[in-house]
Amino acid sequence: MNIRQMTDIAEQWLTTFILNEWTFFQLAIIIAGYGFASLLASRTEPAMEAKARQIKGNPDLLRVIIAPMRRMMWLFLVGWLWLANVVLSKSTWPSQRWLVSTALTLAAAWFVISVLTKIIRNPTLSRAVAIASWSYIALYAVGLDGPVLSALDGLAINLGAVRLSLLLVLKALALAIALIWIAVLIGNMLSHWVQQSADLSPSIKVLISKFIKISLIIFAGAIALSATGVDLTALTIFSGAVGVGIGFGLQKVVSNFISGIIILIDKSIKPGDTITLGDTFGSIRDLRSRFVSVITRDGKEYLIPNEDFISQQVVNWSFSSDYVRIDVDFGTSYDSDPHQVVRIAIATASTVPRVANQYKAPVCWLTGFGASSLDFRLRFWISDPANGLTNVRGQVLMALWDAFKKAGVSIPFPHHEIIMKSPIEIKQPE
């Protein structure tokens, strides 16, 4: 076949399938459907999204529901094209409705892909997955998927008895990412439901959530490898050769992971507890597989390895009870009545809002006769140590200052008296 013949065939194909009245008729159907779908979507999407946003407490489920609602235009367009394709199939030849049929396939594929990929939180990853998926569907719709897949399969290397092609790698990678992403999404939804349970302790909730996520990810990875034809028994050779080196490199990671499981099982700490570890005082925000997130009163968030909570001394202010006793030491002058001071101190501490009078009433004791003061110790209880200890001490001391000033009780300060036992003659300078 010479160039002239190929040109004639191309011109004939262009005239028969492209430049004819049926092609323009199909284009008119597609453009009209796009306008109709856009108008209908603008009227229905806001109301449907407002109803969906009434779902509270499960953001991942909300994302799954909201994603298709924001793309109702494509769904309406798919319906329009499907109806047009059905009508044309009963009145024309397949060659006279190929454009509508192809547009139907591409629009339906774009609706499904855009919904699924918009659930992905990373915008760049979402866009990359959408473009790659839709490109493959487009190749399939125009019949070019076979040659492209054959070309990718031809790029291969042989590793012993195993033939590793670029097509196999891409299939395994795409399937693994998709299945692991679905596993993480399902795991997050199940975790939200577990967190809402009132019958489980916080530590058990975290343990169940992590077990669900890890199990689903491992299961998804195994399915992906099996579906792409990778022999799982061959991995035992790889694990035996490389496992020892990985084990030495991941000692701390494994140690922290096991320590995290032990912490969750023995319930020594849980989210919301107020702890002191070394110089760090704060409340536990989250328990992770490798570390514990602790937020201090100044807003700093410390990521402390789980191993430290096993090997070091930890003060859990709210382990068995939320109530914490606080001591405030102060002194008054020897001129004051200690009985009156005790009564004023107890009454004053009871007026501070954070003092838990309903649990145990404040007490005050005379603890010693100092060099220049009567020494007292005021003891009271609070039920919210996570809100800070220094600030409640300051509130109580400030209230004591006001009460003592009002009652005429003086607070001594360091001073020295010099008593001259013999007269001293003072001479005026001449």
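In plain terms, the two heavy atoms of Gly331 and Pro412 that are nearest each other are O-CD, 3.7 Å. In terms of heavy-atom proximity, Ile382 sits nearest to Gly388 at CD1-O, 4.3 Å. When all heavy atoms of Thr367 and Arg377 are compared, the pair lying nearest together is CG2-CB, 3.6 Å. The two residues Ala37 and Phe76 make their nearest non-hydrogen contact at CB-CB, 3.7 Å. Between Leu77 and Gly33 the shortest heavy-atom distance is CD1-C, 3.6 Å. When all heavy atoms of Pro362 and Ile346 are compared, the pair lying nearest together is O-CG2, 3.7 Å.
Considering only heavy atoms from C-beta on, Val294 comes within 4.5 Å of Thr280 through its side chain. Annotation: side chain of Ser268 is not in contact with side chain of Val314 (no heavy-atom distance under 4.5 Å). Residues Asn306 and Val292 have side chains in contact (heavy-atom distance under 4.5 Å, counting atoms from C-beta outward). For the pair Asp402 and Lys406, the minimum side-chain heavy-atom distance is 4.5 Å or more. Between Ser350 and Val355, the closest side-chain pair of non-hydrogen atoms is not below 4.5 Å. Residues Ile310 and Ile258 form no side-chain contact, since every pair of their non-hydrogen atoms from C-beta on lies 4.5 Å or further apart. In this structure the side chain of Leu104 reaches within 4.5 angstrom of the side chain of Val78, judged on heavy atoms.
Under a 3.5 Å cut-off, the side chain of Thr351 and the backbone N or O of Thr348 do form a donor-acceptor pair. Asn256 places no side-chain N or O within 3.5 Å of a backbone atom of Pro305 that could act as its donor or acceptor partner. Judged by distance alone, the side chain of Asn316 and the main-chain N or O of Ile275 form no donor-acceptor pair under 3.5 Å. Checked by atom type and distance alone, the side chain of Trp317 never pairs as donor or acceptor with a backbone atom of Ser283 at under 3.5 Å. No donor-acceptor distance shorter than 3.5 angstrom exists from the side chain of Ser215 to the backbone of Ile212, with no hydrogens or angles considered. Using a distance-only test at 3.5 Å, with no hydrogens or angles considered, a donor-acceptor pair links the side chain of Arg354 to the main chain of Asp384.
Expressed to the nearest 0.5 Å, how far CD1 of Ile29 lies from CG of Asn85 amounts to 9.5 Å. To the nearest 0.5 Å, atoms CD1 (Ile344) and CD (Gln340) are separated by 4.0 Å. A distance of 8.0 Å separates CG of Asp375 from CG of Asp329, quoted to the nearest 0.5 Å. The distance from the CD1 atom of Ile284 to the CZ atom of Phe309 is 5.5 Å, given to the nearest 0.5 Å. Note: Trp365 CH2 to Asp327 CG = 12.5 Å, rounded to the nearest 0.5 Å. Summarising the geometry, atom CG belonging to Leu277 is positioned 9.5 Å from atom CD belonging to Gln313; distances are rounded to the nearest 0.5 Å.
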- Message: The test is side-chain contact (heavy atoms from CB on, under 4.5 Å); show your working for Val396 and Ile326 and say whether it passes.
- Response: CA-CA 11 Å; Val396 171; Ile326 298 179; over 6 Å; no
- Checking side-chain contact (heavy atoms from CB on, under 4.5 Å) for the pair Phe281/Thr296: CA distance, chi angles, key distance, verdict? CA-CA 6 Å; Phe281 170 80; Thr296 60; over 6 Å; no
- Item | Asn387 vs Val392, side-chain contact (heavy atoms from CB on, under 4.5 Å): CA-CA, chis, key distance, verdict | CA-CA 9 Å; Asn387 292 329; Val392 71; over 6 Å; no
- Test side-chain contact (heavy atoms from CB on, under 4.5 Å) on Leu366 and Phe376 and set out the steps. CA-CA 4 Å; Leu366 177 64; Phe376 294 87; 3.8 Å; yes
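Note on ring orientation: taking the six-membered ring where Trp is involved, the planes of Phe330 and Phe404 are tilted (angle from 30° to 60°). The aromatic rings of Tyr323 and Tyr359 lie parallel to each other, with less than 30° between the two planes, well short of the 60° mark.
Ser259 and Glu307 share no side-chain donor-acceptor pair at under 3.5 Å.
Other residues, nucleotides and ligands contribute at most 12 non-hydrogen atoms within 6.0 Å of the CG atom of Asp279.
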